[in-house]
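One structure is given below, encoded as structure tokens.
It should be emphasised that the depicted structure is a prediction, and the values quoted were computed from it without experimental measurement. Lettering of chains follows the sequences in order, A, B, ..., and the numbering in each one begins at 1.
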Amino acid sequence: MVQGLVRLMLLAAMLAGCATTPTTGTGGSHGSSSSSSSSSSRPSGEPRQQPVDARADLQGSPALALLDRAEGARNQGNMSAAGRYLERALNMEPDSSWVYRQLARLRLEEGDAQSAEGLALRALRLAPYNPGYQAELWELVATARERQGDKEGARDARKRAQELRRGTA
Amino acid sequence: MAKKAKRAAPRRRKKKASARRWISGRFLAKVLAVGLVAMAAGLIYLDALVQERFDSHVWQLPARVYARPVELYPGRVLSRADMLKMLELMRYRQAPGAPTAGSYSVNGNQLIIHTRGFRDSDGGEPSQRLNLRLGGGEIAALQAGQGGSLARLEPMQIGSIHPGHSEDRVYVPLDRVPPLMIEMLLATEDQDFYEHHGVSLRGLARAMLANIKSGRLVQGGSTLTQQLVKNFWLTQDRTLLRKLVELPMAVLLELHYSKDQILEAYINEVYLGQDGARSIHGMGLGAQFYFGRPLEELEPHQLATLVGLLKGPSWYDPRRRPERSLKRRNTVLQVARQQGALSEEELHRFSKRGLEVVPRGESPLYAFPAFIDLVRRQLARDYPPEVLGVDGLRIHSTLDVLAQLAAEKALRDHLESKDPGGKNHLNGAVVVVAPTQGDVLAVVSNRRSREHGFNRALDAVRPIGSLVKPAVVLAALEQPKKYSLATIVNDEPLSVPLRNNEPWQPKNFDNKSLGPMPIHDVLVRSRNQALARLGMDVGLNKVAETLKTLGVQRDIPLYPSILLGSLGLTPFEVAMMYQPLATGGFSTPLRSITDVLDKDGQPIARYPITTEEVLPQEPVFVLQQAMQDVVDQGTGRGVRAKLPASVKVAGKTGTSDNFRDAWFAGFSANHLAVVWVGRDDNSPAGVSGSSGAVPVWAQLMASLPQRSLSQKPPAGVEWVWMDPSGTLVSGEGCDGARRYPMLPASIPEEADRCGSRDGDKKKGVLQWFKGWFD
């Protein structure tokens, strides 16, 4: 099962003759993300924490209905249906951090840690100012990196999560 | 002597006679035995042939490719004109109250749409009636079947993939064939179908009688089973051998398969015409080919036209021989009436209708060969041709029909104005992508977009010219301590010595050199000499590394000329390369397929979004700002003739040596498009990026709903007033001061005199930021 998924993922990556960039490339993704993806939308002046959940992030959006359906499908173990619902939601709300978060979690459950990491980092880019939420996303990144055998990257992500949590404590 | 001879003769005769007896006796019996054995062997062979081919042939279905389903929800940007265009393309019939699937009614901005329903990885969509209100260029309200406000139109079929290329099929199971069609079919072709055993003597007699009566050959007397045998196994030549094997094969077929199986195979196999090199087989494809609709949705007179075609697809071709076809159709309607399949009133009504065939070539099926080519290539990596050709896979693609049509039109319109009639062989290609998900929305590879052939979008490897410049600037910005957009570079002639070659001495587009200028202007005004100097300073290997990070997979030779785009890429590869620039540093493989389902709609495989952070967002944001100025003030400003200033987009022009290639690559938040214009023979085409490609890009982008690029700087980028030297912080209103987005490491510690107060404040903000990071 996992093997099949990994194979599928590899095939998808091969699609379009567009293999992912070699990790030896410039500005290795971990180094860069540690400086890039933090508190992306901190307003100048008094930082005010914004609540983050599906309702807050997607207020009144029809994508909410798709997130519900995705959750239902996921609970029934129908991962491909859940993925399809989430991608449809993303089509409607391409700037939603929450949809990326859901996709990242799903991908992690499916065993595709590499995609999960990328999606979680995107969720961080789009995240509203909420250290607790951001910390949770960094934990997700850490888990995804661990599963790929990237211990150093995972440690780095965990540290960022802790810092964010400490800040809120 | 004579006597002897006389005596000898009868003896010889006797001998001959006995030889003849021997032949007619034992020999004939032997021959007969051998013949019987051969016949039995032949029958066994035919029997095996019948079974093997029937079993496999029935399921020999090409993979079908569908566009992305149109998603309907309140707030979706969709003009009334586009909504109606989609419905027309999908052959929705206008009917009051939208009573049946595939129909709609429209009253001002209020629409009722009765969708057809489909299967998908998420279960799909039921056929249902939607109440839709349009307003302000978007869907204002939507009410779906179960009170939901979310629905999809079924995905439009845009093509099939089969290894043979010549045959195609839209498989329709018997229970979905309109009963009226079956009645018409049996009434006209084989009235004893349910009684005979493959061959009908009664039918033959009836046919002979009819032929004698009319004095010519009007009926063939072949049963449906015999016709199926002909279609299935035999060539169309009328040879004796064919006639000899046809009868036993028909009987064998009846022995092995039920009437319904034979009927279903017949309906899906029968030959109905020719579309160029493509044979039209089966009523399902016939319905699409002639009427642009699924078989289930045809009206009686249309079904009768298809049934009428069986007698001679080219003789009764409704497009080329409309009168003949109409007469034949009405005959079929009459026969149906005689059999009680139609009422007198219906006969009257449908006989009066026109043929109502759609013009050839207007069907969306096979309308987008360049995109289908991409799907075929991406599929071929995962599925061997024998699977693609037989399993009837359903491929859900990423094609956005409206984007595709807009891209085709933009290229066609512009090339027609530059090169009317194509006398100068000017051609082009367009690739449109949704950057955040990597979905390929449109591929155009020819100004005559329906024509197959050389896929310029995927295969034309052309020097990218100045499209490379953002990568050079990015390579610089990745060293923020050394470079920012404010850094001054000299636009002056330079000479780079080359091993075993003349020195490299690039010139500017206008043959002038403008002297010192900030990197920002180098990019916006596309200055070759200044950029070459910058690139040499940054280092060829660094530039090549950045190109690789952006997704360029070809070998990048470390010649200085790569700085000005001697590197050859296809339009599709350029889209890949610009994608991380559009997404703020994420690389997402471009996909043309989202899901693969089996012939019953059960999901087999998903191609999910994958993404990877390949670049830090700060330098990408800074670069994006400069690329926005390319459009607002620079070589790409022609875009603003079409696209309002409120829509923030970014891009870069490209022109190769001697005006051989004209490029524009650019993006909004939701569309990335690459346009190439040039000639196949690589001769000078007389077009620059600004004149040849920008207008196409602008028209295309203007006809799609665009979201502006975000102007909110990420943490770690701030707008700073800089003095003209690019080395000191300045202030608003100071002499020659300009404002740039800067990375913290790029912001000088020192301020000029005018800006010192302002600068202190800036530094204060900087300290505040640094506090957050440390």
Side-chain angles (χ1 to χ4, degrees), chain A residues 8-9 11-22 25-27 29-33 35-42 44 60-63 65-66 69-70 73 78-88 90-92 94-95 100 103 106-107 110 112 114-115 117-119 121-122 125, chain B residues 71 73-76 120-123 148-150 374 378 381-382 434 436-438 440 475 478 542 545-546 548-551 553 572 576 584-587 589-595 603 605-618 669-670 707 710 712 714-716 765 772-773:
Chain A
L8 197 68
M9 179 200 91
L11 289 168
M14 267 158 51
L15 275 181
C18 172
T20 44
T21 315
T26 49
S29 62
H30 301 155
S32 65
S33 58
S35 70
S36 66
S37 301
S38 69
S39 55
S40 56
S41 52
R42 182 186 305 284
S44 51
S61 167
L66 291 172
R69 288 188 214 173
N78 189 349
M79 298 305 193
S80 69
R84 183 78 168 139
Y85 282 127
L86 288 177
E87 286 188 15
R88 285 174 61 197
L90 196 60
N91 267 326
M92 293 178 188
D95 297 331
Y100 274 111
L103 264 174
L106 184 75
R107 226 27 72 67
E110 287 182 299
D112 182 354
Q114 197 189 5
S115 285
E117 179 189 343
L119 292 163
L121 287 171
R122 267 211 189 171
R125 282 275 181 95
Chain B
E71 191 99 39
Y73 54 90
R76 175 187 167 147
D120 196 357
S121 299
D122 58 13
S149 60
L150 201 59
L374 174 64
Q378 298 199 338
R381 293 161 198 251
D382 303 353
T436 53
Q437 316 202 6
V440 182
E478 283 187 288
K542 282 266 185 293
E545 251 177 61
T546 300
K548 281 188 187 136
T549 305
L550 287 172
Q553 289 176 335
F572 191 80
M576 280 164 58
F586 283 91
S587 159
L590 302 189
R591 61 175 184 175
S592 64
I593 304 164
T594 59
D595 298 90
R606 286 220 73 226
Y607 291 81
I609 298 175
T610 58
T611 189
E612 191 190 355
E613 190 181 47
V614 293
L615 286 162
Q617 65 178 337
E618 298 87 351
N670 56 338
R707 285 192 302 119
S710 168
K712 192 171 74 182
V765 173
W772 275 102
F773 281 100

Going by atom types alone, do [X] and [Y] pair a side-chain donor with an acceptor below 3.5 Å?
X        : Y        : answer
B/Gln617 : A/Arg125 : yes
A/Glu87  : B/Thr594 : no
A/Arg122 : A/Tyr100 : yes
B/Glu71  : A/Asn91  : no

For this session: With a 4.5 Å cut-off on heavy-atom pairs, point out which of A/Leu103, A/Leu86, A/Asp95 contacts chain B the most.
Result: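 Between A/Leu103, A/Leu86, A/Asp95, the count favours A/Asp95.
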Problem set entry | B/Asn670, part contacting chain A, at a heavy-atom distance under 4.5 Å |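 For B/Asn670, there is no contact with chain A at all, as no heavy atom is under 4.5 Å.
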Problem set entry | Structural part of B/Arg707 lying under 4.5 Å from a heavy atom of chain A |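 Looking at B/Arg707, just its side chain touches chain A.
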